Asker: 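The structure that follows is given in the form of structure tokens.
Here the structure is a predicted model, which means the values were calculated and not measured.
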Amino acid sequence: MPARSPGWSRATLAARALAGTYGRALHAHDVGPEVRAAMVAQVLDDVSTRRSVWTTWNLGAAAVRASKLLRMASPAERRALLNEVTTNAATACVHLDDNRDPMTRRVGESLFTSTELLGAEKVLIDAAETTDAPQRPAEMLGAIQLRTEQHLGALAHDQRAAAEAVVTSGRLLDVLVGPAGSGKTTTLAALTSFWRHGIGSVVGLAPSATAARTLAEVARGAV
């Protein structure tokens with residue numbers, strides 16, 4: 001039976017256990033369902049924040065991080081708890097078909113994602129397949145050659161091709177992908193300048209403060 005202290009609610013026990021302030025070293029069976037559920041939730045939040053697809057080993061590593069404040073009686077007790085938390089977390093995930101080369105997979109490794117991420121992926125795919133967004137036909141770029149050269153003329157050939165592909169696509173969502181140093185920011189600045197002067201307004205969104213500052217600099221340079 002899980003250890004209980006007189007006068008403590010289950011929620012208090014869970015909070016003390018996860019904060020590392022529980023009085024004695026714990027055995028796996030001492031960690032009650034509330035604490036285990038909180039650990040599973042923390043594991044799922046951890047892996048889904050770090051990546052869109054994760055493996056059994058990613059779940060295990062997240063379980064280790066979630067349990068690090070628990071003072072366990074022995075390594076064996078910690079392993080027993082981690083195995084159960086990892087298994088419960090995997091059960092709550094969406095199991096994906098693994099088409100990778102078996103030679104590159106570790107034994108016992110499976111691939112997972114979540115229903116929330118699959119839903120977000122569908123929104124992006126639908127947006128990429130919607131073709132009624134503002135755009136300029138390719139033939140118009142030739143008709144307004146002076147304006148096109150003014151905003152896109154300084155780009156390298158591949159950068160200009162990427163910018164023109166966005167301008168002429170008509171899709172609700174386009175994605176520019178390139179390695180570090182390939183000129184994504186430069187391309188974005190030129191594209192922003194052309195868009196503002198020929199199509200409409202531009203609003204920048206970023207996942208971090210650093211990226212937001214970069215976007216702000218791009219926007220100021222694309223006036």
Side-chain angles (χ1 to χ4, degrees), residues 1-128 173 175 177 205-213:
M1 294 291 290
R4 295 294 299 274
S5 296
W8 287 357
S9 68
R10 291 182 174 181
T12 300
L13 282 172
R16 287 175 62 87
L18 291 175
T21 57
Y22 198 79
R24 63 175 177 80
L26 299 169
H27 295 272
H29 62 76
D30 291 327
V31 181
E34 294 83 4
V35 177
R36 291 171 188 254
M39 290 176 66
V40 168
Q42 185 174 335
V43 166
L44 295 175
D45 180 69
D46 186 339
V47 294
S48 62
T49 299
R50 294 170 183 266
R51 49 184 59 85
S52 58
V53 175
W54 50 88
T55 69
T56 310
W57 306 108
N58 296 139
L59 290 172
V64 170
R65 290 189 289 270
S67 68
K68 65 183 179 181
L69 294 179
L70 292 179
R71 188 161 62 93
M72 304 302 294
S74 69
E77 293 294 335
R78 184 173 295 278
R79 281 196 301 272
L81 175 62
L82 292 177
N83 287 340
E84 184 168 344
V85 169
T86 301
T87 299
N88 290 344
T91 301
C93 298
V94 177
H95 192 281
L96 298 174
D97 293 335
D98 194 344
N99 297 320
R100 295 175 297 169
D101 184 345
M103 297 298 294
T104 67
R105 283 181 287 173
R106 288 177 285 188
V107 175
E109 183 177 69
S110 296
L111 288 179
F112 303 95
T113 189
S114 68
T115 54
E116 292 80 9
L117 286 171
L118 288 175
E121 181 183 72
K122 185 178 186 307
V123 170
L124 295 177
I125 292 174
D126 289 346
L173 173 68
V175 180
V177 180
L205 303 175
S208 68
T210 300
R213 284 193 295 270

Asker: Taking all non-hydrogen atoms of both residues, which atom of Ala63 and which atom of Thr86 are closest, and how far apart?
Answerer: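 Looking at all heavy atoms of both residues, the shortest contact is CB-OG1, 3.7 Å.
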
Asker: Rounded to the nearest 0.5 Å, what separates atom OG1 in Thr115 from atom CG in Leu117?
Answerer: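 With rounding to 0.5 Å, OG1 (Thr115) is 8.5 Å from CG (Leu117).
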
Asker: Output the distance between atom CH2 (Trp54) and atom CG (Leu44), rounded to the nearest 0.5 Å.
Answerer: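 Result: 7.0 Å between the selected atoms.
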
Asker: If we ignore hydrogens and angles and just use 3.5 Å, is the side chain of Asp30 paired with the main-chain N or O of His27 as donor and acceptor?
Answerer: yes

Asker: Any sub-3.5 Å donor-acceptor pair from Thr113's side-chain atoms to Val94's backbone N or O?
Answerer: no

Asker: Checking Asn58 against Thr55: is there a side-chain donor and acceptor pair closer than 3.5 Å?
Answerer: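 The answer is yes; a qualifying pair exists.
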
Asker: Taking side chain to side chain contact (heavy atoms under 4.5 Å, CB included) as the test, write out the residues that go with Ala212, two or more places apart.
Answerer: Ala206

Asker: Looking at side-chain heavy atoms only, is the closest gap between Asp98 and Ser110 below 4.5 Å?
Answerer: no

Asker: Has Glu109 got a side-chain atom pairing as donor or acceptor with Thr56's backbone, closer than 3.5 angstrom?
Answerer: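 No: the side chain of Glu109 does not pair with the backbone of Thr56.
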
Asker: If you look at every heavy atom in Ser67 and Leu82, which pair is closest and at what distance?
Answerer: OG-CD2, 3.2 Å

Asker: Apply the side-chain contact (heavy atoms from CB on, under 4.5 Å) test between Glu84 and each candidate in Met39, Arg36, Arg79; give the one that qualifies.
Answerer: Arg36

Asker: Once rounded to the nearest 0.5 Å, what's the spacing between atom CD of Glu121 and atom CG of Leu124?
Answerer: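 Reported value, rounded in 0.5 Å steps: 8.0 Å.
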
Asker: Mind checking the CG-CG spacing from Leu59 to Asn88? Nearest 0.5 Å is all I need.
Answerer: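 Nearest 0.5 Å value for the CG-CG distance: 11.0 Å.
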
Asker: Between Arg78 (side chain only) and Leu70 (backbone N and O only), is there a donor and an acceptor less than 3.5 Å apart?
Answerer: yes

